[in-house]
Enquirer: 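Please find one structure pasted underneath; my questions will follow.
Residue numbers begin at 1 in each chain, while the letters A, B, ... track the order of the sequences.
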Protein chains: 2
Amino acid sequence: MKRQVSIKDVASEAGVSASTVSYVLNENPNVTISAETRERVLSAARDLNYVPNQAARTLGSSRVMGMTESKLIGIVIPQTEPEHYGARLMFSNPFYSTFLSAIELQIRRAGYHLIVSGTNPGQSYFEIVRSRALDGVIILGMYPSDDEEEYRSFNVPTVLVDCYGCDGRFFYGVNTDDRKGGYLATRYLLERGHQKIAFVTGQLKEHGVNSLRYRGYCDALDEFGVVLDPARVFSGYVGFDYGAEAAHKMAENINNVTAVFATSDITAIGVMNGFRAHGISVPDDVSLIGFDDIEYAKICYPPLTTIRQNIEEKGRRAAGLIIDAISDRQLPRVKEVIELELIERATVRSLA
Amino acid sequence: MKRQVSIKDVASEAGVSASTVSYVLNENPNVTISAETRERVLSAARDLNYVPNQAARTLGSSRVMGMTESKLIGIVIPQTEPEHYGARLMFSNPFYSTFLSAIELQIRRAGYHLIVSGTNPGQSYFEIVRSRALDGVIILGMYPSDDEEEYRSFNVPTVLVDCYGCDGRFFYGVNTDDRKGGYLATRYLLERGHQKIAFVTGQLKEHGVNSLRYRGYCDALDEFGVVLDPARVFSGYVGFDYGAEAAHKMAENINNVTAVFATSDITAIGVMNGFRAHGISVPDDVSLIGFDDIEYAKICYPPLTTIRQNIEEKGRRAAGLIIDAISDRQLPRVKEVIELELIERATVRSLA
DNA sequence: TACCTTTACTTTAACGTTAAAATAACAATC
DNA sequence: GATTGTTATTTTAACGTTAAAGTAAAGGTA
């Protein structure tokens, strides 16, 4: 087991000092290096197969306050669903594979690496931000936490994805207009004569995606003068199984429902399957609309009418924002909004 | 912007030296600390809200050769599909969200963080292993690379998932018996009277999953005395779109096919959809069997008959292995095999 | 010629931590 | 009473890097 090749080895191979090597390798603009020396250093580094030690870099660069560079970006994916639902896995929803993949690609191209972390319930994720000296953080669907004050004091660029009502003077945001999405889906059903519209969703947390979609649902009902019936609102967790569970409950009193708006496609598909088990047909007996437009929305049978959010675009924007925010600490704290689009497929029938 | 709270701050608060703090916090078994001092240190650390700097830890621990601890595990997900197929995203297959999620959970519980990285084509991922001083690496479906020799010399515990024919004296492995899976799927079709069985897959790389499944396909054909027809073999990339593309090609000469074995569910579902577009019914006109048993296999219509591999289990095993291998460098280099199971659903019809 | 500037480096110290060696106090053994 | 051992701690140096200060030579200006 050989010792790591360090900058000193490169330096002595090239016949210069360690700093010179550092300056060459980092293309430090504050220092002039002759072309001839630069060449010698570069070829020595190549010959020795030198790879910089990032831990040392991180530490070394922390001398100037606030200038620490770990070249590490964290993405925090909270455990949003209660454990008693059996949701031990943090992000098994296929939404995440597309989202993460889009982020990872951009991040890597910009020379960063990506740390993916769930959250330990009750434990703060600040710790990872601090201990790893993360250059930036992307947080998914979670309001930062109780001690936001403290978090700010670290001054780490932070992009909140799908988080509402958070302070736009500190955080960057990437959102979809979920309230509008909820409204569009519900209006679409109302326009086709549906009034008994059930709403199936995950946890209704303040500032959460689901609450916004719920607000949109209420908006549309209001607009059409339909009174909201709490017996038609099912709030559990995001997932196929809960959709099926909700369908079973609805099946007991199916006359109370002519259409269902599920706030995620995976839940909607669960609803569809749950109904099928009771011999209830979508869309002949009950209409159904989802949210997200994951790949399976067009694959399932019948293909799901849904509100599309461009997940890949969402990932790209989040990554782009965090990269820009890291390199320009003065970057105005924007909130980017990803457009929504209603995709008509085959799960909604007009009652006319 | 305040300076980071360091171990020295804790030390002076507790009235001891920095090393003492380090010893207490790491519960270093080689050093005895009085209960009273331990208490003082711990409470000082709590009061100051101290979080250790991992970069410094990594660097500091690298004094003893081979003992560097970054508490970082890398997972490398290679770009397996050619860019011209439009596969810019590395791991948008929903397989990965379950797999990653299972790994992340285990890793975090053991006190590690997870770096997720794709690969830059042509560029070695050794660099990330070295520059980040990764404690362990999980590599997905890829033979380490040309300069395996060099990689070994770093002596980093490495688990290869879905990689065959690699040296078991150095690497740990987590595999499914893909050849057997390919055999089981094909035999199931043959037993039901099918002979014209198409095979739809991704890239057929040596030591790759797809090649093994192909071997199993060949095994079964041989056993039943059926001659392999290369015109029934479609090798493109793993994904819905390629499945549909293959279906279009098959539709041109549909009499040449009575059943299809697709080596991943997502591809199988693409085949199903492609056929549907041509008015070809699964299973009435053509039977279909997939591989993986992703969530959507049971959700799609008709539900897909497939070979199940327990993806979550696979992730858990890989994570468990890497954690054990890090803490015990002498751990025998095992290859764990995840059991396969044929799940009968509704996409295969008997020709009888 | 004396002074300033620029170019091209080198030297030094620091980042936060830990391993190893050193020390000091005390107890046990001969 | 000297030696050895144990316990509890401190001191020192090192990990690999970089920022900042320092130096030396060459070139330009008054």
Enquirer: Short question: side chain of B:D9, backbone of B:S6 - any donor-acceptor pair under 3.5 Å?
Expert: yes

Enquirer: Does a side-chain N or O of B:S62 approach OP1 or OP2 of D:dG16 to a distance below 4.0 Å, or not?
Expert: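 It does not, given that no N or O in the side chain of B:S62 lies less than 4.0 Å from OP1 or OP2 of D:dG16.
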
Enquirer: In whole Å, I'd like the distance from the CG atom of B:L25 to the P atom of C:dA19.
Expert: 13 Å

Enquirer: Any sub-3.5 Å donor-acceptor pair from A:R316's side-chain atoms to A:Q106's backbone N or O?
Expert: no

Enquirer: When you measure from the side chain of A:N26 to the backbone N and O of A:S22, does any donor-acceptor pair fall under 3.5 Å?
Expert: yes

Enquirer: Quick check: closest heavy atoms across A:Y112 and A:L72, and the distance to 0.1 Å?
Expert: CD2-N, 4.0 Å

Enquirer: What's the shortest heavy-atom distance between A:L160 and A:N175, and which atoms?
Expert: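 Shortest heavy-atom contact: O-OD1, 4.4 Å.
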
Enquirer: Strictly below 4.0 Å: does B:S6 bring a side-chain N or O up to OP1 or OP2 of C:dG16?
Expert: no

Enquirer: Nearest to the side chain of A:R57, which nucleotide is it out of D:dT10, C:dG16, D:dT18?
Expert: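 It is D:dT18.
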
Enquirer: Measure the CD-CG distance between A:E150 and B:N49 for me, rounded to the nearest 0.5 Å.
Expert: 5.0 Å

Enquirer: Need the bend value for the helix from C:dT1-D:dA30 to C:dC30-D:dG1: angle between end axes, 5 pairs each end, nearest 10°.
Expert: 60°

Enquirer: Just say parallel, tilted or perpendicular for the rings of B:F126 and B:Y151, cut-offs at 30° and 60°.
Expert: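 Rings of B:F126 and B:Y151: tilted, 30 to 60°.
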
Enquirer: Could you tell me the separation between the CD1 atom of A:I7 and the C1' atom of D:dA14, rounded to a whole number of Å?
Expert: 17 Å

Enquirer: Can you tell me the distance, in whole Å, between the OH atom of A:Y50 and the C1' atom of D:dG16?
Expert: 7 Å

Enquirer: Could you go through B:D167 and B:R333, starting from their C-alpha distance and side-chain angles, then the distance that decides it, and tell me whether this counts as salt bridge (Lys or Arg N to Asp or Glu O under 4.0 Å)?
Expert: CA-CA 10 Å; B:D167 189 339; B:R333 311 301 155 105; over 6 Å; no

Enquirer: Would you tabulate the pairs of protein nitrogen or oxygen atoms and nucleotide nitrogen or oxygen atoms of nucleotides 20-26 of chain D closer than 3.5 angstrom?
Expert:
| from | atom 1 | to | atom 2 | distance (Å) |
| --- | --- | --- | --- | --- |
| D:dA20 | N7 | A:Y23 | OH | 3.4 |
| D:dA20 | N6 | A:Y23 | OH | 2.7 |

Enquirer: Nearest-Å distance, CD (B:E27) to C1' (C:dT18)?
Expert: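 Rounding to the nearest Å, CD of B:E27 and C1' of C:dT18 are 16 Å apart.
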
Enquirer: Atom CD of B:E69 to atom C1' of D:dC15: distance rounded to whole Å?
Expert: 15 Å

Enquirer: Let me know which of B:V161, B:L114, B:T98, B:I73 forms a side-chain contact (heavy atoms from CB on, under 4.5 Å) with B:I103.
Expert: B:L114

Enquirer: Would you say the side chains of A:S153 and A:E149 form a donor-acceptor pair under 3.5 Å?
Expert: no

Enquirer: Nearest whole Å is fine: how far is C:dT17 C1' from A:Q54 CD?
Expert: 17 Å

Enquirer: When you match B:L59 and B:S17 each to their closest nucleotide on DNA chain D, which lands nearer the 5' end?
Expert: B:S17

Enquirer: Select from A:N53 and B:V16 the residue whose nearest nucleotide in DNA chain D is closer to the 5' end of that strand.
Expert: B:V16

Enquirer: For DNA chain D, which residues of residues 28-45 of chain A approach it to below 4.0 angstrom with any heavy atom?
Expert: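 DNA chain D contact set from residues 28-45 of chain A: A:N28.
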
Enquirer: I need the NZ-P distance between B:K71 and C:dT17, as an integer number of Å.
Expert: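 Atom NZ in B:K71 sits about 16 Å away from atom P in C:dT17.
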
Enquirer: May I ask you to decide if B:Y96's main-chain N or O and A:S97's side chain share a donor-acceptor pair within less than 3.5 Å?
Expert: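 Not confirmed, A:S97 side chain does not pair with B:Y96 backbone.
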
Enquirer: Could you state the atom-to-atom distance from CG of B:L48 to C1' of C:dG16 in whole Å?
Expert: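 Roughly 15 Å, once rounded to whole Å.
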
Enquirer: Examine C:dT10: is either OP1 or OP2 under 4.0 Å from a nitrogen or oxygen in the side chain of A:T20? Give yes or no.
Expert: yes

Enquirer: Quick one: closest heavy-atom pair of B:V156 and B:G136, and the distance?
Expert: CG1-CA, 3.9 Å

Enquirer: Picking from D:dC15, D:dT18, C:dT17, which would you name as closest to the side chain of A:A18?
Expert: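 Closest of the options to the side chain of A:A18: D:dT18.
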
